[in-house]
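All figures in this text were calculated on a predicted structure; none of them were measured in a lab. By convention in this document, chain letters (A, B, ...) are assigned in the order of the sequence lines, proteins followed by strands, and residues within each chain are numbered from 1. Heavy atoms only: backbone and side chains are in, while hydrogens, waters and symmetry mates are out.
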Amino acid sequence: MFKTFQDNLLAFYQSFPIEKPWQADRDPYKIWLLEVLSQQTRMEQALPYYRRLVDRFPKIELLADASEDDLFALWKGLGYYSRARNLHNTAKYITSEREGQFPRTYADIIKLNGVGPYTASAIASFAFREDVAVLDGNVHRVLSRVFGIAKTIQRGQDKDEFQNLANKLLIKGQSDIYNQAIMNFGSTHCKPQNPNCGDCNISEICYAYQNEKVGVLPPPKLRPILRDRYFHFVFVKSKDNIYLRKRMEKDIWQGLYEGVVQENKDLDVDFWQTQKLDIAGLLWSPWLKQVLSHQRIWMKIAIIESENWSSTNFQAFHTSELKNIAFPRVVSKWIEAHGFD
DNA sequence: AAGACGGGGGT
DNA sequence: ACCCCAGTCTT
């Protein structure tokens, strides 16, 4: 039974091979880069970022030497910015503590910052053909449907069950091909919505297809209730300079830049007075909305002209530099549409 | 075990 | 406008 599933999977892979950009040299550094970019991110979205990063930092030593702001500028818009921070720290660690040698086993790779079970398996199998099975969202969906397991992987115990099944199915000695095949199959064919069951060579052994349960497998994940947050965001402008500060708090958008921000639904005159800013008659944007997986962000943005304004933690940037500054997406979208005039 | 952490695509 | 998608770290 397992053999049939695997044979069909490999047959599928022959007809839908997907070239990875690191295929030529299988450099674990490049594989790591692409896998980290792909966490919680579709491949099509990650690829342009991958190309810019590899182009700019073809060797791990160059990534280690980069400034965090430069890295964030290249990461801007992709989200989950702690990935960029971990990437940077790990590049520095490998360069200085391991003489640039990327670890070569799952056990060592998973010790790296920002690398969990999925990414460690992917790197160990793609770069070194170690017999470790990946378990990502695609693999979970495929196994849930084909083997009729109506469970999410939110509980550790259930995740272990899927991981054990994935390990059993793994074709030893061909973990790179097998892992690639099952993820490709999940992302291009056994999709979350409208899977292509009519043209699937696995459907004959697929529990969900045979029992008309494709629509209900895997079961939906429990989602956290969204919290609403409101921000008033002001760019202070003096001639051609804009004052910005880097968000250092343990909060959303850590490491990104912002103007003067009051987090509140209503304008607090006292707050703006302490910032020495007169916001009377300011032209605010409408409420701009950005939905994150756990928060609903509402933001009003305005520009205020103020000569000789200064405040601790704020730094002046010439308006021409701002395209290389990482802002939250909702802010950069507003900048693209509005500009600073 | 539960919550925090961005953003994009399909319908 | 609404619904769905997806790994790692921290608490």
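Using a 4.0 Å heavy-atom criterion, one finds that Q290(A) contacts the sugar-phosphate atoms exclusively. Within the nucleic acid shown, Q39(A) comes within 4.0 Å of sugar-phosphate atoms alone, with no base atom in reach, counting heavy atoms only. Contact annotation for V36(A): no contact, since no heavy-atom pair falls under 4.0 Å across all strands.
Residues E35(A) and Y118(A) have side chains that bring a donor and an acceptor to within less than 3.5 angstrom of each other. No donor-acceptor contact under 3.5 angstrom links the side chains of T319(A) and D240(A), judged on distance only.
Of the side-chain N and O atoms in Q295(A), one or more sit less than 4.0 angstrom from OP1 or OP2 of dC5(B). In this structure, T119(A) reaches the dT8(C) phosphate: one of its side-chain N or O atoms is under 4.0 Å from OP1 or OP2. Taking side-chain N and O atoms only, H294(A) has no distance below 4.0 Å to OP1 or OP2 of dA4(B). W253(A) has a side-chain polar atom (N or O) that falls below the 4.0 Å cut-off from OP1 or OP2 of dG7(B).
In this structure, the CG atom of L226(A) is 14 Å from the C1' atom of dA1(C), given to the nearest Å. Between the CG atom of D251(A) and the C1' atom of dC5(B) there is a distance of 10 Å, rounded to whole Å. If you take CD of Q157(A) and C1' of dA2(B), they are 16 Å apart, rounded to a whole angstrom. As a whole-Å value, the separation of I109(A) CD1 from dT8(C) C1' is 16 Å. Rounded to whole Å, atom P of dC5(B) lies 17 Å from atom CD1 of I225(A). Going from atom CD of Q254(A) over to atom C1' of dC5(B) covers 10 Å, rounded to whole Å.
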Acceptor/donor pairs from residues 323-335 of chain A side chains to any protein atom, 3.5 angstrom cut, sequence neighbours excluded:
| residue | atom | partner | partner atom | Å |
| --- | --- | --- | --- | --- |
| K323(A) | NZ | S320(A) | O | 3.1 |
| S332(A) | OG | P328(A) | O | 3.2 |
| S332(A) | OG | R329(A) | O | 3.3 |

Sequence neighbours left out, cut at 3.5 Å: what donor-acceptor pairs do the side chains of residues 96-104 of chain A make with other protein atoms?
| residue | atom | partner | partner atom | Å |
| --- | --- | --- | --- | --- |
| S96(A) | OG | K92(A) | O | 2.8 |
| R98(A) | NE | Q101(A) | O | 2.9 |

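Cation-pi geometry between R83(A) and Y80(A) is not satisfied (NZ or CZ under 6.0 Å from the ring centre, within 45° of the ring normal). Both tests do not hold together for K30(A) against W22(A): distance to the six-membered ring centre under 6.0 Å, angle to the ring axis within 45°.
A parallel orientation is assigned to the rings of F16(A) and F12(A), their planes being inclined by less than 30° (bins at 30° and 60°).
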Grab the N/O contacts between the protein and nucleotides 9-11 of chain B below 3.5 Å, and write none if there aren't any.
| residue | atom | partner | partner atom | Å |
| --- | --- | --- | --- | --- |
| dT11(B) | OP1 | N194(A) | ND2 | 2.8 |

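Comparing atom distances between the R329(A) side chain and each of dT10(C), dC2(C), dG8(B) picks out dG8(B) as nearest.
Every pair passing salt bridge (Lys or Arg N to Asp or Glu O under 4.0 Å) that includes a residue from residues 263-282 of chain A is listed here, sequence neighbours excluded: R229(A)-E263(A). The ring-ring contact (aromatic ring centres under 6.0 Å, His included) pairs that include a residue from residues 246-284 of chain A are H232(A)-W284(A), Y257(A)-F317(A), where partners are two or more places apart or lie in different chains. Among residues at least two apart or in separate chains, side-chain hydrogen bond (donor to acceptor under 3.5 Å, both in side chains) pairs with a member in residues 183-206 of chain A are Q180(A)-N184(A). Within the structure, the side-chain hydrogen bond (donor to acceptor under 3.5 Å, both in side chains) test picks out the following pairs touching residues 126-141 of chain A (sequence neighbours left out): R129(A)-D176(A), D136(A)-N138(A), N138(A)-R141(A).
Taking the six-membered ring for Trp and the full ring otherwise, Y243(A) and W309(A) have centroids separated by under 6.0 Å. Aromatic pair F340(A)/F235(A): centroids less than 6.0 angstrom apart. Ring to ring, F126(A) and F128(A) are not that close: their centroids are 6.0 angstrom or more apart.
Only G77(A), L78(A), G79(A), Y80(A), Y81(A), listed by number, bring a heavy atom of residues 73-90 of chain A to less than 4.0 angstrom from any atom of DNA chain B. Of all the residues in residues 214-224 of chain A, K221(A), R223(A) reach under 4.0 Å from DNA chain C with at least one non-hydrogen atom. Of the residues in residues 176-189 of chain A, none has a non-hydrogen atom less than 4.0 angstrom from any atom of DNA chain C.
Qualifying side chain to side chain contact (heavy atoms under 4.5 Å, CB included) partners for D160(A), counting only residues two or more places apart in sequence or in other chains: none.
Both key distances under 3.5 Å define a Watson-Crick or G-U pair, and stretches of 3 or more such consecutive pairs in DNA chain B run B:1-5 with C:7-11, B:7-11 with C:1-5.
Under the 4.0 Å criterion applied to side-chain N and carboxylate O atoms, R85(A) and E68(A) are not assigned as salt-bridge partners.
One P atom belongs to dC5(B), the other to dC5(C), and the distance between them is 22 Å to the nearest Å.
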